[in-house]
Structures are given as C-alpha cells and as structure tokens.
Amino acid sequence: MRLKTFARCAALLNLSLLCLASNQFLQAQNSPVKLTIHADRPVSAVSPTLYGLMTEEINYSYDGGLYAEMVRNRTFRGDWSGVNFWYLVEGGNSAAKMEADKATGPSSALTASLRLDVQKADAQNQAGVLNTGWWGMAVKASTEYKGSFYAKASGSDMGPITVSLVSDDTGKALATATIASLTGDWKQYSFTLKTAAAQASASNHLAITVAHPGTLWLQLVSLFPPTYRNRTNGFRSDLMEKLAAMHPTFLRFPGGNYLEGDHIKERFNWKETIGPLVDRPTHRSPWNYQSSDGMGLLEFLGWCEDLNMNPLLAVYAGYSLQQEHVNPGPDLEPYVQDALDEIEYVTGSADTKWGAERAKDGHPQPFKLTYVEIGNEDQFDHSGSYEARYAQFYKAIKAKYPDLQLIATTPINNMRPDVQDDHYYVRATKNFQDANHYDKADRNGPKIFVGEWATREGAPTPNMGAALGDAAWMTGLERNSDLIVMASYAPLLTNVNPGGLQWDTDLIGYNAEKSYGSPSFYAQAMFGSHLGDHTLASTADGAGAKFFYSITAGAAKKKLYLKLVNAASTPQAVDIDLEGAKLASTAKLISLAAKDTQATNSIDRPEFLKPVDSSVTVTGGQLRRTMPQFAIEVIEFDQQ
Ligand code: AHR
C-alpha cells in the first residue's frame, strides 16, 4: 500500500517536473522580441518598383487563364485522335462528318481549317460541331458573349448558321445567334450571345450547327465574355482584380522559358504575335502545348496599361532550351535587329516604321519603357556564348536607346551589366536561413532584379508554410531595396484542372469559372500594398530563427509600415518601441495566420485563409503585439 502511494507520488512529481520543464520551454519560446525602431533615422532607399509580376504561357496562364477566350483550340489543330476539343453534332436524324482540311484557310498564317460535310440536315435536325472550352465554358445569367468566326461554304444556301451556348447538363441552349448565310469565300462573321436567366456554371459548350446539306469550312472560332475594363481581345476580370490587389508596378514578359522556346523556331517570335488574330500562326510553348498567341506583344502592353504597370520587355537573345544557340557576330545580327524593331514597336512614335505598325494595330501612343532583359536564364547555355551575345545586344540597343537599362540574365565577367536577374526557387527553410542574402552584397556591382522567386511548398498553389518562407524572404528584399530594384514571384497563375499544371506552386489558381489566391498571394498583396520609400534604423533583441521583420516609411503619406513574420509554431510577443516620431494612438493591423504550415486555400475553399483587418492601440510610441503561431502581419502607423 505504502509502496503504491510512494509510486503515485513519484509519478505525480515527475509529471509536475515535466509540466514545469515544458512551461519553461514555452516560456522560453514566448519571451518577447524587443523591437526598437528609430523613425527619425532613415537607412536606405526602397525602390518604388520593388514589387511586380512575372508572367509566361505556363500552366494555361493565358490560354485557359487570363486571356478570356472561351474557345479552346480555336484554330483547329489536331492529332491522331482528331481535331482537339471539337466534336461532331448530329441532331435527330442529321448526318455529317468533320475533319481537318490542310488545303484551305483564311490567311497565310492560318492555312488550314475544319471541314464539315453535312449529308443530311434540316431545321429540326441540325448538324455541326461543338467545342468544350477550357475544361468547360463559364456562363452567367443576363450576360453578353461576343463571338466571331471565319467561314466559307460550298453553296450560298448553306445558311442560316446557328451558334449556341448549350448547357452540358440539360442540353438546352442558354443563348443563340444566327448568321443568315455564307459565301464561297473566306469571310469573318460576328455574333452576340445573350443569356437570360441561367444558373452560373462552367458545364457548358459552344455549338455551331446548320440546317442544310453541304460543306462548310470554319477557322478561328472565338467567344469572349465581358472582359476587364471591356478590353477587346482582353482579360478575365476576376484574375485581373486579384493581380491589381498585389499593387504590381511592372510586368516582366513574355518569359521565362516561353521567351526562349525549346527550339529557336519555337521562340516567342513577337512579329508573329501582332496584328489581327487571323495573321497569327500560333506556336508551341516549351510547356508542351500550343499557344494561340492571342496574348501577343500589344496585349501584354495593354495588360500593363490596365494595371498601371511598367513593361519590362524580355527580348529573345539567341538561346533556346534544347541547347540551341546562335553564334555571336553576324549570325546573331538578325536577332539583334528583331529586338531593336521590337523596342521601336513599343516605344517609337507613329512616324517610325514599327511605331506605325503599332498605330495600325490600334495604339498610336508609344509606351514608356525603362528595362529590357536580354534573354532568360542564359547560365543554362552550355556553349558559354552569353557574354558575347549580351555584349552584342547591349552595344546595339544602347547606341539607339542610351537610356534603357539592360538586364543580364546571369552574372557576366567581361562587362558590368546595368542590372542582373537572379532566380530562386527554394523551400521555406532555405528562405528562413537566407532572408539576409543581400545584406552584405556588393553595392558597386550591377543592380539586382530578383526576376523569379518562390517558396515551393504546396501544389497547385502554395500553402501557409510557403507563404511564411515568402514573407521572410520579402523582408530581406525590402531591407536591401537600395540594391534590388525589382522582384517578381513566379509562376503567377495556374489552371487547377487535371492536366492544367506544369509547375507546382503557383500564386493564383482557377478553373473556367472561379479563381482563388493562395496564402502566398495574400502575403504578396500585404507586402505590395504597404511599401514605404525608405527603411528605418532598428534593432530586434531576442528574435529567434523564425522571426523576421521589415520597417519602411513613406514620407509623402507620413506612414510607417511594419511587417512581422512569426514562422514558429507558437505565439510570439513583440514589444515595439517606435522612437523619433509622433504616432496616432491607433494603428491598422492586417493579420494572416494559420494553425498549421500545411493549411491552404483551394478552388473549393478559396478563402480558408485570408488576411483579417483590425486595429491596435499605440501608447507613447509603444505597443505589445502578440503574434499568433504561423503568422504574417502588417502594422500601418500614421505619423501625426
Ligand atoms: O517559372 C518557371 C520557369 O522557371 C521559368 O520559365 C524559367 O525561367 C525558370 O526556370
């Protein structure tokens, strides 16, 4: 009996010792960070263009993504299985067959078409083709969809042509338009489909049918919903709104690997992406699908205009991914000339050759251009030709455009480039360890553009653990923004349907109907919309390996922006002492937090994690903020 009591007491003692120890552990974890900020001691400038967007055709970013075109494979490309994403319609007792026809097309760029041979059809028994869209076609009630196609027919009695948006579920037409008749020559026809009451859904398709036997050829079938700011050939509003929330100041385009192509002939050949869509031949992206090139050079510039971003133009520099390169010297000259022409298309007045071309394409006003990037990731060119290629482009571009800043895609030794593009794709742990990467970097070398970076954890979009890695890294970008003139997360977009993704961990996910921002997206939006123009002197005592911060001030609006990152699994108290400024007694707090690093958003739970706004009280320049576990926070102070 006594022994038992003794054993029980010993067990209890052990337990309490354990509790004491773990409390001490918690206590140690929780000891506050003492953060002292000297608002009257500026340290270094923050680049006004620090945050921007990097983009390319990957993960169905444009086709099936930002570019609002609803028809998939509008130019009727086929393979052994048939004409992709197009199917035959034989209503009632009608009979027809369809096939790709290489012998006729509406332009020298689109020399083929879809041939529909209708043996039997009448008004009640129509035959034709249907397109299934980008994993469906999103249709809403009371909405106008604008469409067009090129067509010719074997006889003028081939009309009328009926175009309908049809529900996959009910087989009912949600909107219909008719084209009275066709001719024997290629011609473009336009139509509007207006829905009445309809359940918003992506389970719909587009059907084009006829009520008469004969032969019909079709090419470039297109359908657009209302676009962001009603831009013709424009962009999906939901995605543009998300991008706008990031407050991006520049757009790096058109890539990335997409600029280079797998082979030289598959590079982003900008001259084949301008003008009417019917004059764009389309091309294969290195991400293994055909690009419609609806997003051509002028559309990228329009995107910049819509979101008030500076274009950062990447020009093809003579290297393609399958180790094909163009020798520097005379062989490279046509590519250098192409880049000069491209810059003229962007910046030249309407009385220059390529400026006139841009005016003809609908934009007489030149665009402002500051940065041109020469190639992409040329460290992968095993021939070692980049230094000479960069130098050749540099000399020619500077001779004509001395004010342009020319970005090198990898460190080079034979000269000092204006700017160097560094890329980082890492795990969160690496970003925690490397958040001070640029703290001691040479300030006499080239300026830095962190043109691609991401914490790669989570698929298809990053989870909270990744967002914490991102936020830690961004505190380092801000601290070193006297050197780092620009930075852009990559990749930006992914279609989340099966087969839509080529690269894990993309900032924003979507299907045909809906989109969502990942925790990393919210981290970007929080940082991008709270950026001062200089950093302030500060010290942090007692900060552990998973605590990060950045303090910047905006002179014009008299704001101080404090970003805090607690990547630990326990709460973190922070005693903040702001000296040298008279502050308002309340400050705005924006907090993004999760219970676990694996917590995330998805197409079905788009806002499981999102920032929450509140306010905190500031007394005599001081406040204690206890951050939750796994948290990214911004405190915006007003100076009086
Ligand atoms: O962002 C995905 C790819 O990563 C880019 O196309 C390329 O530049 C990099 O290797």
Side-chain angles (χ1 to χ4, degrees), residues 51-66 243 246 248 250-264 266-270 283-291 293 295 300 312-325 371-382 386 389-390 407-411 419-427 430-431 448-462 466 469-470 473 486-496 500-509 518 520-521 524:
Y51 294 118
L53 306 179
M54 186 276 167
T55 170
E56 65 177 317
E57 184 57 280
I58 182 174
N59 306 321
Y60 297 89
S61 287
Y62 310 146
D63 289 345
L66 187 74
L243 300 179
M246 291 167 66
F250 67 88
L251 176 72
R252 173 183 178 225
F253 66 88
N257 290 166
Y258 182 59
L259 169 72
E260 306 163 276
D262 268 343
H263 304 282
I264 294 173
E266 291 176 354
R267 69 192 184 280
F268 184 83
N269 188 355
W270 71 272
H283 81 287
R284 184 184 164 275
S285 137
W287 299 103
N288 283 325
Y289 57 92
Q290 193 75 10
S291 168
D293 287 332
M295 282 288 295
F300 284 110
L312 189 164
L313 177 68
V315 296
Y316 180 76
Y319 168 69
S320 294
L321 296 161
Q322 298 301 320
Q323 292 305 320
E324 291 178 12
H325 80 277
Y371 293 101
V372 172
E373 180 154 18
I374 314 296
N376 178 59
E377 293 189 338
D378 287 86
Q379 68 272 25
F380 294 120
D381 169 13
H382 298 164
Y386 186 60
R389 287 191 286 110
Y390 179 84
I407 304 171
T409 69
T410 185
V419 183
Q420 177 183 304
D421 182 357
D422 292 348
H423 293 179
Y424 303 91
Y425 291 108
V426 298
R427 292 290 173 92
K430 174 75 174 159
N431 268 341
I448 298 295
F449 169 36
V450 185
E452 292 181 32
W453 70 270
T455 309
R456 297 190 70 197
E457 292 189 24
T461 50
D470 291 345
W473 176 248
M486 293 171 291
S488 41
Y489 186 102
L492 188 60
L493 299 168
T494 187
N495 191 309
V496 297
L501 172 105
Q502 288 88 50
W503 180 284
D504 285 355
T505 314
D506 309 288
L507 206 60
I508 296 170
S518 62
S520 290
F521 160 78
Q524 292 275 329

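Whatever order the structure lists them in is the order used to number ligands and atoms, beginning at 1.
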Asker: Which residues pass the side chain to side chain contact (heavy atoms under 4.5 Å, CB included) test with Pro254, sequence neighbours left out?
Answerer: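 Once residues adjacent in sequence are excluded, the partners of Pro254 under the side chain to side chain contact (heavy atoms under 4.5 Å, CB included) criterion are Tyr258, Leu259, Phe268, Phe300, Ala314.
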Asker: With Ala408, which residues qualify under side chain to side chain contact (heavy atoms under 4.5 Å, CB included), at least two apart?
Answerer: Tyr386, Tyr390, Ile412, Pro417
Asker: Please list, by chain and number, the protein residues whose heavy atoms come under 4.0 Å of ligand 1.
Answerer: Glu56, Gly256, Asn257, Trp287, Asn376, Glu377, Tyr425, Glu452, Pro491, Trp503
Asker: Does some side-chain heavy atom of Glu452 sit less than 4.5 Å from a side-chain heavy atom of Tyr425?
Answerer: yes
Asker: Taking the side chain as C-beta and beyond, is there a heavy-atom pair between Asp381 and Arg389 under 4.5 Å?
Answerer: yes
Asker: Which residue pairs satisfy the salt bridge (charged side-chain N to carboxylate O under 4.0 Å, His left out) criterion with at least one member in residues 254-263, sequence neighbours excluded?
Answerer: Asp262-Arg284
Asker: Of the non-hydrogen atoms in Leu53 and Leu492, which two are nearest, and what is the gap between them?
Answerer: CD2-CD1, 4.0 Å
